[in-house]
Trainee: 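Please find one structure pasted underneath; my questions will follow.
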Amino acid sequence: EVMHDPANLCDMDNAVERIVQAIRQREKIVVFGDYDVDGVSSTAVMLDFLDAVGADGAYILPDRHVDGYGLKPPGVERAIGLGASLIITVDNGISAFDALDVARQRGVDVVVVDHHQQLDHLPDALAIVNPNRRDCTYPFKELAGVGVTFKLVQALSTEFFSPEERRRYLNSLLDLVVLGTVADVMPVLGENRVFVQRGLQILNNTPRPGLQQLKAVSGYAEKPVKTTGVGFHIGPRINVAGRLEKPDIALELIRAKSDGQAAQLADELNRLNARRQALQREGMDEAEALVSREDLARDQIVVVLGEWKLGIVGLLAGKLCEKHMRPAVVCSDDAGGGLYVGSPRSIPAYDISRGIGACAEHLVAYGGHPAAAGFSLNAASFEAFRMQLIEHANDHIQEEDMQAELDIDIELSPGDLDIATIERLAALEPFGNGNEAPLFAMRGCKVLSRRRIGKGGTHLKVELEAEGRHCNGLWWNQGDVADKIHPGQRVSAAFVLEEDTYAGGGAVQMVIKDMYLER
């Protein structure tokens, strides 16, 4: 597991030199972040460092509903209004061409810190630190935005701390680094593995009141947080601020100094998250109604348009993509002003940022990753864009690309359904993208009971028996299966094994990934 020298990142020397100068000369530095977990945690890391060295720092997080994604000319004007002579973009900026032109005209320097794919050419900035620049030879390309921000702070810290202080300080930031790395679904390999492993240790003992309260409302007051806890419980509560309100709520929570303020903000995020879940359930019903059998038979991609809140279109796209095993694009007119905003999610076989890039003539702005992206376009261009994207997807996606496959690692015997198996697996953690938890299979499981659980009966709870061993199973988002299986039937199940912290006493539960009735 190697940690690479931050100096290997292209432009790092320019970035460090300019930021050190700004700190020493007490210039106003404005950090411009993003509204998702990676953007908020990147902003938090950068601000934490500026605070630690006594710099004059401020931040701006864009409002998804008003500003859209990334640094734009009005954002530059806002930073200048705050007195900025240096702007540092984190988790965005690689495609901020117009904004960087305005900044240059106004005499403000910009350091771009990003991890998104480079478009045709690079924008004109004082420094662009991004391992995914085409000319960057940094050996590890999979850093999240917060990972790149951390590398910048790592390089900067040599100028301000003694070696001993520096090591302690950099370690203390890893509770923030793990948030963006896991929530942005970066592979838990190489450098990220170190960030996630150490980051979870730091997170579980974090002194930050905001993260303590956030863990509590997410159900982790008593039990340790693992990657699934960040991905499914803590991450969504940070994300929801920018989805439904302003991302500043989440950043203020992370940076909260008192328990009282932290508790209040954590509570607010928890309430917003419940509302987001309700909106998502309604939105999913509406989106599903727009996808016909004929569409699925004819097209290798799903493209729908509706009146959903911008904050949930990406979530709906993810659900449609998962359900129909093909890329899905969900567009909304929620932005107003004759603009539609779209959020695509894709399958491994199709690079969606390439797909929308091929239709760029119809778009106002776009950018992203192979698996997820974003764009906006004028309402009048929607139909032409839709036709062109469908054509592109149909040309580039084969029938076999749309088959869901589960690679079973090992068939488990009923005698292994215990905590000892989980303890033996612990050596392989942390699990996550690129290092998935082992997937087990078991045949001949007798169904003892099954019921729907969760709001609206969204999830399935089953009790299974194999060779006299009883085990509870949980299948997320598959409540409908309760109507298809009955006590006494036998099923084969594919599952990940987890400790059942709800039942306690060393019990385990199957987190089911698929199951079929045995004839």
Side-chain angles (χ1 to χ4, degrees), residues 277-309 312-334 340-352 354-356 358-359 362 370-375 377 379 381-406 450 452 454 456-460 475-486 489 491-492 494 512-517 519:
Q277 288 168 325
L279 283 171
Q280 194 177 326
R281 279 194 298 272
E282 288 161 26
M284 203 49 203
D285 292 343
E286 294 162 2
E288 267 300 310
L290 297 175
V291 181
S292 70
R293 281 224 179 88
E294 297 79 61
D295 293 336
L296 295 172
R298 190 186 58 232
D299 303 330
Q300 321 285 58
I301 188 169
V302 171
V303 185
V304 294
L305 170 66
E307 297 180 350
W308 303 289
K309 276 190 84 66
I312 65 164
V313 288
L315 300 171
L316 298 179
K319 293 274 183 209
L320 289 172
C321 175
E322 204 177 303
K323 177 160 185 179
H324 298 298
M325 275 316 295
R326 67 195 71 200
V329 183
V330 177
C331 300
S332 169
D333 63 359
D334 187 38
Y340 291 168
V341 171
S343 200
R345 295 291 181 269
S346 194
I347 54 176
Y350 184 66
D351 180 340
I352 191 69
R354 242 198 198 138
I356 58 173
C359 311
H362 306 297
F375 63 85
L377 81 178
S381 313
F382 177 73
E383 212 32 60
F385 164 77
R386 195 178 78 89
M387 299 304 288
Q388 191 175 343
L389 183 62
I390 288 172
E391 194 180 332
H392 187 276
N394 288 350
D395 287 347
H396 288 83
I397 300 174
Q398 312 307 313
E399 203 55 50
E400 57 268 24
D401 295 335
M402 301 191 298
Q403 300 305 312
E405 275 190 2
L406 279 179
R450 68 342 176 195
R452 294 163 171 266
T458 316
H459 315 298
L460 176 75
W475 199 356
W476 298 107
N477 299 310
Q478 295 287 338
D480 295 352
V481 174
D483 305 331
K484 299 175 189 163
I485 57 171
H486 304 287
Q489 289 180 320
V491 296
S492 290
I512 296 172
K513 301 298 176 186
D514 204 358
M515 98 172 39
Y516 65 85
L517 274 173
R519 291 284 170 256

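Treat the numbers as computed from the prediction; the structure is a model and nothing was measured.
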Trainee: Enter the distance from L316:CG to I312:CD1 here, rounded to the nearest 0.5 Å.
Mentor: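 So the CG of L316 and the CD1 of I312 are separated by 4.5 Å.
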
Trainee: CE of M515 to NZ of K484: how many Å apart, nearest 0.5 Å?
Mentor: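 It is 11.5 Å, given to the nearest 0.5 Å.
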
Trainee: Find out whether L305 and F382 are in side-chain contact, i.e. whether some heavy atom of one side chain is under 4.5 Å from a heavy atom of the other.
Mentor: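 Yes - at least one pair of side-chain heavy atoms lies under 4.5 Å apart.
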
Trainee: Any idea which heavy atoms bring Y340 and A379 closest together, and the distance?
Mentor: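 So the minimum-distance heavy-atom pair works out to CZ-CB, 3.6 Å.
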
Trainee: Do you know which two heavy atoms are closest between S346 and I352, and how far apart they sit?
Mentor: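 Heavy atoms of S346 and I352 come nearest at CB-CB, 3.7 Å.
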
Trainee: As a test of understanding, state which of Q300, H392, Q398 forms a side-chain hydrogen bond (donor to acceptor under 3.5 Å, both in side chains) with Y350.
Mentor: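 Of Q300, H392, Q398, side-chain hydrogen bond (donor to acceptor under 3.5 Å, both in side chains) with Y350 is met by H392 alone.
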
Trainee: Is the number of heavy atoms from other residues, nucleotides or ligands within 6.0 Å of NZ (K309) greater than 12?
Mentor: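 Yes.
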
Trainee: With rounding to the nearest 0.5 angstrom, report the CD to CG distance, Q280 to D285.
Mentor: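 CG of D285 is found 11.0 Å from CD of Q280.
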
Trainee: Answer yes or no: is there a side-chain heavy-atom contact under 4.5 Å between S332 and V341?
Mentor: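 S332 vs V341: side chains apart.
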
Trainee: State which residues pass side-chain contact (heavy atoms from CB on, under 4.5 Å) with V481; sequence neighbours excluded, sorted by chain then number.
Mentor: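 For V481, the residues satisfying side-chain contact (heavy atoms from CB on, under 4.5 Å) (neighbours in sequence not counted) are L460, W475, Q478, I485.
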
Trainee: Strictly under 6.0 Å, is that where the ring centroids of F385 and F375 end up?
Mentor: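 Yes - the distance between ring centres of F385 and F375 falls below the 6.0 Å cut-off.
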
Trainee: To the nearest 0.5 Å, how far apart are CD in Q403 and CD in E399?
Mentor: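 Taking CD in Q403 and CD in E399, the distance rounds to 6.5 Å.
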
Trainee: Does the side chain of H362 come within less than 4.5 Å of M387's, by heavy atoms?
Mentor: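 No; the side chains remain at least 4.5 Å from each other.
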
Trainee: Check whether any side-chain heavy atom of I397 lies under 4.5 Å from a side-chain heavy atom of R326, and answer yes or no.
Mentor: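 Heavy-atom side-chain distance check fails, nothing below 4.5 Å.
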
Trainee: Using the side-chain contact (heavy atoms from CB on, under 4.5 Å) rule, take H486 and R450 through it: C-alpha gap first, then chi angles, then the decisive distance, then the call.
Mentor: CA-CA 7 Å; H486 304 287; R450 68 342 176 195; 3.1 Å; yes

Trainee: Would L389 and V329 satisfy side-chain contact (heavy atoms from CB on, under 4.5 Å), going step by step from the backbone distance to the final call?
Mentor: CA-CA 10 Å; L389 183 62; V329 183; 3.8 Å; yes

Trainee: Is the shortest heavy-atom distance from the side chain of V303 to the side chain of I301 under 4.5 Å?
Mentor: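 Yes, close enough: below the 4.5 Å cut-off.
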
Trainee: Side-chain atoms of residues 289-299: list all donor-acceptor pairs with protein atoms under 3.5 Å, sequence neighbours left out, distances to 0.1 Å.
Mentor:
{"from": "S292", "atom 1": "OG", "to": "E294", "atom 2": "N", "distance (Å)": "3.4"}
{"from": "S292", "atom 1": "OG", "to": "D295", "atom 2": "N", "distance (Å)": "3.0"}
{"from": "S292", "atom 1": "OG", "to": "D295", "atom 2": "OD1", "distance (Å)": "3.4"}
{"from": "S292", "atom 1": "OG", "to": "D295", "atom 2": "OD2", "distance (Å)": "3.1"}
{"from": "D295", "atom 1": "OD1", "to": "R298", "atom 2": "NH2", "distance (Å)": "3.2"}
{"from": "D295", "atom 1": "OD2", "to": "S292", "atom 2": "N", "distance (Å)": "3.2"}

Trainee: Taking all heavy atoms of N477 and all of K319, pick out the closest pair and write down the distance.
Mentor: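 For N477 versus K319, the nearest heavy atoms are ND2-NZ, 3.1 Å.
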
Trainee: Under 3.5 Å, is there a donor-acceptor pair between the side chain of Q388 and the main chain of A358?
Mentor: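 Yes, the answer is positive, given that a donor and an acceptor are paired below the 3.5 Å cut-off.
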
Trainee: May I ask you to test the L320-V304 pair for a side-chain heavy-atom distance under 4.5 Å?
Mentor: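 Yes. Closest side-chain heavy atoms under 4.5 Å.
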
Trainee: Distance from C331 atom SG to R386 atom CZ, nearest 0.5 Å?
Mentor: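 Output value for this atom pair is 10.0 Å.
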
Trainee: For a quick test of reading the model, state the closest non-hydrogen atom pair linking A328 to A317 and the distance between them.
Mentor: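 Shortest heavy-atom separation between A328 and A317 comes out as CB-O, 3.5 Å.
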
Trainee: Between A373 and P344, what is the shortest heavy-atom contact and its length?
Mentor: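 The answer is O-CD, 3.0 Å.
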
Trainee: Begin with the C-alpha distance, continue with both residues' side-chain angles, and end with the deciding distance and a verdict on salt bridge (charged side-chain N to carboxylate O under 4.0 Å, His left out) for K323 and E288.
Mentor: CA-CA 10 Å; K323 177 160 185 179; E288 267 300 310; 3.5 Å; yes

Trainee: Looking at R452, I'd like to know if its CZ atom is crowded, meaning that more than 12 non-hydrogen atoms belonging to other residues, nucleotides or ligands lie closer than 6.0 Å.
Mentor: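 Atom CZ in R452 is packed in, count exceeds 12.
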
Trainee: Working to the nearest 0.5 Å, report the span between CD of Q277 and CD of E282.
Mentor: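 Interatomic distance, Q277 CD to E282 CD, rounded to 0.5 Å: 12.5 Å.
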
Trainee: Is it the case that over 12 heavy atoms from other parts of the model lie below 6.0 angstrom from the CD atom of E307?
Mentor: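 For E307, atom CD is not crowded (no more than 12 foreign heavy atoms under 6.0 Å).
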
